Q: 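Here it is: the structure, laid out below.
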Amino acid sequence: MFASSREQRFRVFASLEFEGQLYMTPRDFLESVTTDEPRNSKRWKSLSRQDVNQLLIDTPPVWKGSSRIFRTLGDKGMISYTEYLFLLCILTKPHAGFKIAFNMFDTDGNEMVDREEFLVLQEIFRKKNEKKERKGEEEKCAQLGADELTSSMVHTTLLVHFFGKKGKIELNFEDFYRFMDNLQTEVLEIEFLSYSKGMNTISEEDFARILLRYTNVENTSSYLENVRYRLPEEKGISFDEFRSFFQFLNNLEDFAIAMQMYNFANRSIGQDEFKRAVYVATGLKLSPHLVNTVFKIFDVDRDDQLSYKEFIGIMKDRLHRGTRGYKTVQKYTTFKACLKKQLYNR
């Protein structure tokens with residue numbers, strides 16, 4: 001059966017099987033977005049209903065969430081494929097888009113999301129991903145009653161975390177926002193700590209290595225040489241700088257508009273213009289050292305200018321962490337568009 005790059009990656013990293021469906025553990029998910037391949041070869045472990053209940057017993061309520069929740073749970077949890085797509089979208093969403101994501105689930109507009117609303121939207125996404133989808137299937141499944149959805153539902157870590165073991169708790173925006181922000185922070189902490197070796201900073205060269213992962217750059221040596229020779233004195237990149245840069249990347253489409261104006265005018269962009277474009281498009285202030293480091297990495301022709309081609313094209317690939325093919329990225333203007341891209345990118 002033909003599978004998308006995301007489906008293939010999910011199958012490679014998933015380690016659990018229950019009633020014919022594959023699931024990831026929280027550890028599997030973190031590996032899938034921070035490593036190229038699973039650290040250990042995966043053998044799908046078949047679960048009984050009792051096993052599932054035992055796996056979820058340590059899942060905390062959403063108000064006790066933290067930026068270590070996936071690491072803390074480790075192998076004690078399970079994540080479905082549609083939840084995997086949802087989590088991937090979170091990693092690429094700017095903070096300004098969190099409210100849009102919440103409103104997508106809040107179908108009755110009461111500023112709260114219940115389990116049935118969450119399940120109905122997931123069912124729509126699942127139906128859209130089926131190869132033999134019939135026209136109008138989305139509307140049909142949207143009319144499913146809560147009893148029908150609940151009867152076929154498998155308890156997962158996200159469902160228990162958001163809605164409690166009995167599924168009666170409703171999710172408010174503040175807790176939803178905190179969950180999304182914590183997930184982004186947790187993944188970035190893992191990447192940062194893998195290079196910092198207990199220190200408060202990572203080297204500029206390691207920062208370059210992280211940025212070039214999951215991109216379609218075949219020869220990364222020229223970029224790394226730029227760092228070695230043009231930044232001979234290592235100052236280091238702090239986690240706050242690291243996090244701010246990836247928050248900026250999640251706003252890449254807005255920034256790209258500003259960059260493209262320079263591109264249309266056949267002009268490159270200097271560091272001052274770059275900082276101004278970032279702030280105008282995203283509201284973020286990147287440190288001078290961080291901006292200088294980015295220029296030294298991506299200014300391949302060493303003219304102290306940054307072109308649209310040198311930077312935007314590479315960063316669009318990096319944003320999706322190896323979960324997409326090397327095709328032209330379309331704009332992610334809404335949470336719905338993000339999920340549609342996840343489901344249809346084949």
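When a residue number appears, it is its place in the shown sequence, counting from 1. Predicted model, so just to flag it, every value in this text is computed and none were measured. Heavy atoms only: backbone and side chains are in, while hydrogens, waters and symmetry mates are out.
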Q: Name all pairs fulfilling the ring pair (Phe, Tyr, Trp, His ring centres under 6.0 Å) condition that reach into residues 15-69, sequence neighbours left out, sorted by first residue then second.
A: F29-F70
Q: Are any of the side-chain heavy atoms of I237 and T201 separated by less than 4.5 Å?
A: no
Q: Okay, side chain of N182, backbone of F179: is any donor-acceptor separation there less than 3.5 Å?
A: no
Q: Would a hydrophobic clustering, with Ile, Leu, Val, Met, Phe, Trp and Tyr connected at side-chain separations under 4.5 Å, put I297 with L224?
A: no
Q: With T185, which of R68, Q247, R243 fulfils side-chain hydrogen bond (donor to acceptor under 3.5 Å, both in side chains)?
A: R243
Q: Could you go through the side-chain hydrogen bond (donor to acceptor under 3.5 Å, both in side chains) check for S46 and E17 one step at a time?
A: CA-CA 5 Å; S46 294; E17 180 273 326; 2.8 Å; yes
Q: Quick one: do I269 and V280 end up in the same hydrophobic cluster if we chain Ile, Leu, Val, Met, Phe, Trp and Tyr together by side-chain heavy atoms under 4.5 Å apart?
A: no
Q: Distance check, rounded to the nearest 0.5 Å: D51 atom CG versus L16 atom CG?
A: 9.5 Å
Q: List the residues meeting side-chain contact (heavy atoms from CB on, under 4.5 Å) with T282, not counting sequence neighbours, and say none if there are none.
A: F248, N251, V278, L284
Q: Within the side chain of E191, is there an N or O that forms a donor-acceptor pair under 3.5 Å with the backbone of T34?
A: no
Q: When the aromatic ring centroids of F102 and F98 are compared, is their separation below 6.0 Å?
A: no
Q: Taking L193 as the starting point, is it possible to reach F207 by hopping between hydrophobic residues whose side chains are less than 4.5 Å apart?
A: no
Q: Within the distance-only criterion (no hydrogens, no angle test), does the side chain of E205 pair as donor or acceptor with the backbone N or O of V227 below 3.5 angstrom?
A: no
Q: So does D181 get a backbone contact from the side chain of Q184, meaning a donor-acceptor N/O pair under 3.5 Å?
A: no
Q: With a 4.5 Å cut-off on side-chain heavy atoms, are K165 and H155 touching?
A: no
Q: Are the ring centres of F255 and F274 closer than 6.0 Å?
A: yes
Q: Does the pair E7 and R11 meet the rule for a salt bridge (Lys or Arg N to Asp or Glu O under 4.0 Å), with working shown?
A: CA-CA 6 Å; E7 288 171 316; R11 291 177 66 85; over 6 Å; no
Q: Could you tell me how the ring of F176 sits relative to the ring of F162: parallel (under 30°), tilted (30 to 60°) or perpendicular (over 60°)?
A: tilted
Q: Parallel, tilted or perpendicular: which describes the rings of F86 and F118, with under 30° parallel and over 60° perpendicular?
A: perpendicular
Q: Side-chain donor-acceptor pair under 3.5 Å between N250 and T92, yes or no?
A: no
Q: Hey, what's the ring geometry for Y177 with F173, parallel, tilted or perpendicular (30° and 60° as the breaks)?
A: perpendicular
Q: Taking the side chain as C-beta and beyond, is there a heavy-atom pair between K168 and F163 under 4.5 Å?
A: no
Q: Write out all pairs satisfying side chain to side chain donor-acceptor pair (under 3.5 Å) with one or both partners inside residues 97-108, taking only residues at least two apart or from two chains.
A: K99-E111, T107-E117
